[in-house]
Amino acid sequence: MAELNQVIGALNHAADIIENNKQHLTELDGAIGDGDHGINMSRGFSFVKKTLDEGSFETAADLFKKSGMALVAHVGGASGPLFGTAFLRASMTLKDKTEITIEDYINLLKASIEGIKMRGKSDAGEKTMLDALIPAYEAGEQAVQQGKNTVEVLQAVKEGSEKGLKETEKLVAKKGRASYVGERSIGHQDPGAASVALILGAIADYFSEA
Amino acid sequence: MAELNQVIGALNHAADIIENNKQHLTELDGAIGDGDHGINMSRGFSFVKKTLDEGSFETAADLFKKSGMALVAHVGGASGPLFGTAFLRASMTLKDKTEITIEDYINLLKASIEGIKMRGKSDAGEKTMLDALIPAYEAGEQAVQQGKNTVEVLQAVKEGSEKGLKETEKLVAKKGRASYVGERSIGHQDPGAASVALILGAIADYFSEA
Amino acid sequence: MKKLINQPENSLNEMLLGMTKAYPEYLTRLENTNVLIRQNLDGQKVAVVSGGGSGHEPTHAGYIGKGMLDAAVAGDIFTSPTPDQIYEAIKAVDRGKGVLLVVKNYSGDVMNFDMAKELAEMEGIEIEQVIVNDDVAVEDSTFTAGRRGIAGTVLVHKIAGAAVERGWDLQKVKAVAEKSIKRIHSMGMALSPCTVPSAGKPNFTLAEDEVEIGTGIHGEPGTHREKIKTADELTEELFNKIQADEPIKSGEEVALMVNGMGATPLMELYIVNNKVHDLLKSLGTTIHRTFVGEYMTSLEMAGMSLTVLKLDDELKSLLDDPADTPAFKIIN
Amino acid sequence: MKKLINQPENSLNEMLLGMTKAYPEYLTRLENTNVLIRQNLDGQKVAVVSGGGSGHEPTHAGYIGKGMLDAAVAGDIFTSPTPDQIYEAIKAVDRGKGVLLVVKNYSGDVMNFDMAKELAEMEGIEIEQVIVNDDVAVEDSTFTAGRRGIAGTVLVHKIAGAAVERGWDLQKVKAVAEKSIKRIHSMGMALSPCTVPSAGKPNFTLAEDEVEIGTGIHGEPGTHREKIKTADELTEELFNKIQADEPIKSGEEVALMVNGMGATPLMELYIVNNKVHDLLKSLGTTIHRTFVGEYMTSLEMAGMSLTVLKLDDELKSLLDDPADTPAFKIIN
Ligand SMILES: Nc1ncnc2c1ncn2[C@@H]1O[C@H](COP(=O)(O)OP(=O)(O)O)[C@@H](O)[C@H]1O
Ligand SMILES: Nc1ncnc2c1ncn2[C@@H]1O[C@H](COP(=O)(O)OP(=O)(O)O)[C@@H](O)[C@H]1O
Ligand SMILES: [Mg+2]
Ligand SMILES: [Mg+2]
Ligand SMILES: [Mg+2]
Ligand SMILES: [Mg+2]
């Protein structure tokens, strides 16, 4: 699926998309949280870009680890340790690979989910980033099973995340700040889930345009 | 001109007029001061009413003294000691009189002016209550010289105060809080002068309607 | 948005510079971090470290000093600081006797402090953590993130810091901090929202006759909204919520905090204090100490929170111990 | 107008009740008055009495205690207290060694304190008065009421109170208070107005991009209005006005106060403090002590004032003397 420079390209593209959606993410967080999610993600991903720009990476694991550390150190808030942990867990699945296959990608999503669950003490259905990530993973996994090609699988992941994101509107938040507004969180999308959908969407778009 | 019960009636009427103009006085003070003049005067004159209601007075001096003490103790701000001193000085001119003539009234205005100048270290032309009180006194004094009758003199006093008040618009405040806004005080009437005009007007009206 | 700031992205740094310049006798900045640490760390004592998002000043760095905190880690406005920063703070103040982390119960704070704790433990630093969750506005349930930590946290700093000054060991300091947490209950409300500079506009809006009840300290909406009432009625409403959660009984002794959220005139806080005292007195409660002022704010939000700490002899005497920090002093 | 109050006409009384309930160890209320006096007046010392309109909290009663005030007389909001009240305060705290009145230069305050002074003198009480006029925004000229007294007054309380604790006599206390007044210069600005409860609406309005420069502490408009600038620029503008009035020279030592007007987040005050320190340092000045916080407020006005006190050895050591009041503590 991708060599290291393509992975870098895809992550850079994801960072740009996050930057372009900073305002939107912040507004989502404003409705049910404290209105900083876009700011946090944009700050964090600008450091990912910096890391990708300035670093040289031996392996995909190295690349994900350093990106994850940038997220941990610069996003802050709840999403920092969660996205950071997701990247670090992803890194652990990649070992000394210098190329990523579509199966690697699906595996890495699974590991990310486990990392987030552990760090966040959270699970599906609590109106968090997991509610975009889990359906994304499941859709991707299914597409692989069905023998779809890379671009199709990436597309399935993207659509899974977007569907999941849409579904978060119906959920009552049970984790994170949004849980404090209780029932009032219904009718709003979860900002962390929106970030997941943007990132996975950007990755899919990057490879389908390539 | 007036027996004690008429003096009481006139002061009560003045207190009512102040009460009715509370908002207006406060707005004048808001423009160039701290926006409490109407509140101060209404509070103070409500205690004058209480004093007039509950007290029994041997002499006009006693009546003015107790009213003045009520003003000193309840108006507060700059206008409290000034109107209070005015009443106390007025009281001193009346000694053991039980009736007030129009000449007494003019004398009492003069003594009030001196009291305010002493207490406020102020003079004509500084955009204060003096700028209504001095022309009022001068107009009354002139009317007496011209042999006008009581109602005419009271009317002259009233008109003098109103003319003086109008003229304060052109002045730069040099005393009181309004002096802090300097040139910006031009174009606004002085609230203390407005109170003077209301009080002297109420007294004139009381006796011309009687 | 009208604020006394320069570039929003420089506010945190400039604030920290402003604090170090104001209080050189109390605190100093750890180079290349957003960590302020106590000047002249004395003795072989346990260290107390707290921190969280900024915008709550004087929380946290205002409580650095004798009898309270040894270090405060500042995140961006309303954003938890990151593990690397917390880890630097821990390393800087550990004197071999271990470190107590006082964390407010927000997912972000808890996770970032957790990660820092893991880093410190890998370095062999003895470390414990207490999570403050005094806000009774939020349901406490295993199905939620649990209750938030709000203004009562300042009293936890005080208790833990006093225990440290007495030379207690880490486990004992942790135990008494946890005991105090169980006995602290708070509830807040807002008359107006606040604006995070980088967001540029408030997070929620209220009509001229509305108040928000059950707000936290990050400008987030509360549990519900209602028509404005008198100070006495609002105070009683917040107080009843605390009282329903953890009944205050006759004969008990408490410490009381009436905390302003940032824009509320002190005059109004005293009016509120007048009412809470009457309510507590009518329950037969003794008020041992009262704190009225801005202890944990939300930028320029108008509103207040009430905090009640049920005392026992130990907590009472720890609360009364001397403290000397920029924003909290107890003189004996 | 959204406020935590009950009936506007009860606010003053309820605030005073709230203060006495919060600080029973510091102060008590003189029956049937709006006067708070120090608990346990000790020794045969000179007494220091201050007061003025309310709405400036913690000024004045927050400074009652060891090393500052013996009594504070509270007028209605932004309205000078009346002579009878001031007279009661004087009588209550005079211990035969005389009383110093610290008065801010407002026509109302000056005249009401004058009348009270006359009443007290008639009773044979030895009494002196100092008039604080630190506000450089206002022209000082014999053709005006002169300069206003603003936040710098708190430092006069501190100096006079310390002199009293040292056992100085009335004339010496007065002399050092007057020396400090000559050396204190302040300048303020507002980002938003405030609303006196009984008036119900603000005294002036500002556009979203305007600030008011040279404001006093009663919600009155300032000397002029301008477009909002950065915190650094506004700070420099205020500082330059002070500096133009009374140049601060290299080698001089000063105390600095960055005072919040009521609604300004402490974060912003620290950002301002950062800049003032840089400006003072660039002049070669040493900053001996810095006070950042809400010392003299205007209800919920947003904005700040800067105060610079030029020290000499005597003032420095008086400033450093211990103080223990609800709102101002110096621990040695
Ligand atoms: N315990 C958790 N598990 C998973 N995701 C969480 C958890 N807590 C918060 N989140 C995610 O984090 C997002 C909020 O992130 P952000 O606004 O950056 O941090 P904060 O809430 O600290 O301000 C939420 O929308 C949610 O998706
Ligand atoms: N020194 C003075 N001499 C004469 N009148 C004065 C003086 N100072 C103030 N005044 C009057 O007092 C009025 C303001 O009174 P008020 O608003 O009640 O008090 P304050 O200014 O203390 O708020 C002014 O409009 C002016 O007429
Ligand atoms: Mg958020
Ligand atoms: Mg006025
Ligand atoms: Mg946040
Ligand atoms: Mg006034």
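Model, not experiment: these values are computed from the prediction. The sequence lines fix the lettering, A, B, ..., with proteins before strands; numbering per chain opens at 1.
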Taking side chain as everything from C-beta outward and backbone as N, CA, C, O, which of these in D/N10 sits under 4.5 Å from a heavy atom of chain C? Side chain, backbone, both or neither.
neither
Which of C/M189, C/E233, C/E57, C/M261 touches chain D most, by non-hydrogen pairs under 4.5 Å
C/E57
Identify which of C/E210, C/M301, C/K229 forms the greatest number of heavy-atom pairs closer than 4.5 Å to chain D.
C/E210
Under 4.5 Å heavy-atom distance to chain C, tell me which part of D/A207 shows up: side chain, backbone, both or neither.
backbone
With salt bridge (Lys or Arg N to Asp or Glu O under 4.0 Å) as the rule and sequence neighbours excluded, what pairs involving residues 269-297 of chain D come up?
C/K21-D/D278, D/E236-D/K275, D/R289-D/D320
Give me the atom names and distance for the closest heavy-atom approach of D/P265 to C/L299.
CG-C, 3.7 Å
So for C/A61, is it side chain, backbone, both, or neither that comes closer than 4.5 Å to the heavy atoms of chain D?
neither
Let me know which of C/K66, C/R38, C/K158 forms a salt bridge (Lys or Arg N to Asp or Glu O under 4.0 Å) with C/E165.
C/R38
According to the interplanar angle, ranging from 0 to 90°, do the rings of D/Y295 and D/Y63 count as parallel (below 30°), tilted (30 to 60°) or perpendicular (above 60°)?
parallel
Assert top hit (heavy-atom pairs under 4.5 Å, partner chain C, pool D/L266, D/T20, D/L191, D/I228) equals D/L191
Interchain contact, C/N13 with chain D, by part (heavy-atom threshold 4.5 Å)
neither
Using non-hydrogen atoms only, which part of D/A323 is less than 4.5 Å away from chain C: side chain, backbone, both, or neither?
backbone
So, the part of C/S11 with a heavy atom under 4.5 Å from chain D: the answer is both
Taking every non-hydrogen pair under 4.5 Å, which of D/G62, D/G260, D/A231, D/A302 racks up the most with chain C?
D/A231
When heavy-atom pairs shorter than 4.5 Å are enumerated against chain D, which of C/M1, C/E208, C/K2 gives the highest number?
C/K2
Nearest heavy-atom approach of D/F78 to D/G219 is CE1-N, 4.0 Å
Checking heavy atoms, do the side chain of D/L234, its backbone, both or neither come under 4.5 Å from chain C?
side chain
Which of C/T230, C/I271, C/N273 touches chain D most, by non-hydrogen pairs under 4.5 Å:
C/I271
Counting C-beta onward and ignoring hydrogens, is there a side-chain heavy-atom pair between C/L17 and C/R29 closer than 4.5 Å?
yes
Flag the pair C/D324 / C/Y26 as yes when at least one side-chain heavy-atom distance between them is below 4.5 Å, and no otherwise.
yes
At a heavy-atom separation under 4.5 Å, does D/V292 approach chain C through its side chain, its backbone, both, or neither?
both
In short, C/M296 meets C/T153 closest at the heavy-atom pair CE-CB, 3.7 Å
For D/L206, is it the side chain, the backbone, both or neither that has a heavy atom under 4.5 Å from a heavy atom of chain C?
both
Indicate yes or no for a side-chain donor-acceptor contact from C/E268 to the backbone of D/L4 under 3.5 Å, with no hydrogens or angles considered.
yes
Measuring heavy-atom distances to chain D, does C/Y23 have an atom under 4.5 Å in its side chain, in its backbone, in both, or in neither?
side chain
So, does D/H288 use its side chain to make a donor-acceptor pair with the main chain of D/V254 at under 3.5 Å?
no
